[in-house]
Amino acid sequence: MAVSAVSGARVLGLDTLVRLQRGVRAAAAPHRLAVPDGMSAPLGCDAVAVPSLLGQQVLPRLPRVGCVFADEAHWWWLVPSDSDYAMEWPAPARYAAGAVLPDSPDVPGLIHRPDGTVPYTPPIPLYLTLCRLTGTTPTWSRPVSA
């Protein structure tokens, strides 16, 4: 349904506006971290992002490290899907379901690849390390109010 303009300017119909909006979304499609060749993610894949300075502190404290991706601003750890279940990841960490990075202009590079075929960093040690470094009490240790 297009309405003609009195001033002679072209008025766009609803179909045209929807098509244009879809084009804008497609152009700004979010990036997804990919599991490296030769590896499989049988439990699905999510990611945990932290600022790069914090990432450098986390890495040596973990007993096992899976795939880690990085750019100048952030480091991302691949974790099994639903690793945010019943856990609030401490700020400034961000949890990315599906390992989708909606606000990243480029796909970060792989900086660590584990031996074997599984790309995951175990989420509980990663979570506890982030809690310790950020001074956050783990979710299950917080007092419960009635």
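Every value quoted in this text rests on a predicted model; they were computed, and no experiment measured them.
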Requested in this report: Determine, step by step, whether Val48 and Leu130 satisfy the side chain to side chain contact (heavy atoms under 4.5 Å, CB included) criterion, reporting the C-alpha distance in whole Å, the side-chain angles of both residues, the deciding distance to 0.1 Å, and the verdict.
Outcome: CA-CA 10 Å; Val48 177; Leu130 286 170; 4.1 Å; yes
What closest approach, in Å, do [X] and [Y] show between heavy atoms, and which atom pair accounts for it?
| X | Y | value |
| --- | --- | --- |
| Trp76 | Ala47 | CD1-CB, 4.3 Å |
| Pro114 | Met39 | CG-CE, 3.6 Å |
| Val35 | Ser40 | CG1-N, 4.3 Å |
| Cys131 | Pro138 | SG-CA, 4.0 Å |
| Gly66 | Thr121 | N-OG1, 2.7 Å |
| Gln57 | Arg61 | O-NH1, 2.8 Å |

Requested in this report: Hey, can you tell me if Tyr127 and Trp140 have their rings parallel, tilted or perpendicular (30° and 60° cut-offs)?
Outcome: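 Tyr127 and Trp140: tilted rings.
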Query - Pairwise side-chain contact, Glu88 with Thr136, heavy-atom cut-off 4.5 Å (strictly under) - result: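 SC-SC contact between Glu88 and Thr136 ruled out.
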Query raised in the report: Do Leu59 and Trp75 come close enough that some side-chain heavy atom pair is under 4.5 Å?
Result: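 Side-chain contact under 4.5 Å: yes.
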**Report entry** Stepwise side chain to side chain contact (heavy atoms under 4.5 Å, CB included) check, Leu54 with Thr134
**Finding:** CA-CA 9 Å; Leu54 185 57; Thr134 61; 4.2 Å; yes
Does any N or O in the side chain of [X] come within less than 3.5 Å of the main-chain N or O of [Y], such that one atom is a donor and the other an acceptor?
| X | Y | answer |
| --- | --- | --- |
| His31 | Val100 | no |
| Asp46 | Asp82 | yes |
| Arg32 | Gly98 | yes |
| Ser52 | His74 | no |

Rounded to the nearest 0.5 Å, what separates atom [atom1] in [X] from atom [atom2] in [Y]?
| X | Y | atom1 | atom2 | value |
| --- | --- | --- | --- | --- |
| Phe69 | Leu33 | CZ | CG | 5.0 Å |
| Thr129 | Ile124 | OG1 | CD1 | 11.0 Å |
| Arg64 | Asp115 | CZ | CG | 8.5 Å |
| His112 | Trp77 | NE2 | CH2 | 11.0 Å |
| Asp37 | Arg113 | CG | CZ | 7.5 Å |

Report task. Answer yes or no: are there more than 12 heavy-atom neighbours, outside Arg132 itself, under 6.0 Å from its atom CZ? Result -> no
Requested in this report: Using the side chain to side chain contact (heavy atoms under 4.5 Å, CB included) rule, take Leu110 and Cys67 through it: C-alpha gap first, then chi angles, then the decisive distance, then the call.
Outcome: CA-CA 7 Å; Leu110 182 66; Cys67 289; 4.0 Å; yes
**Report entry** Cluster overlap Val68 with Leu128, hydrophobic side-chain contacts below 4.5 Å
**Finding:** yes
Query raised in the report: When hydrophobic residues are tied together by side-chain contacts of less than 4.5 Å, even through go-betweens, does Val107 share a cluster with Leu78?
Result: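 No; tracing contacts between hydrophobic side chains, which count when under 4.5 Å, never links both residues.
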Query raised in the report: Hey, mind stepping through Cys45 and Tyr120 against side chain to side chain contact (heavy atoms under 4.5 Å, CB included) and telling me if it holds?
Result: CA-CA 8 Å; Cys45 236; Tyr120 306 124; 4.0 Å; yes
Query - Given Val50, Leu62, Val65, the one that forms side chain to side chain contact (heavy atoms under 4.5 Å, CB included) with Leu126 - result: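 Going through the options one by one, the only one that passes is Leu62.
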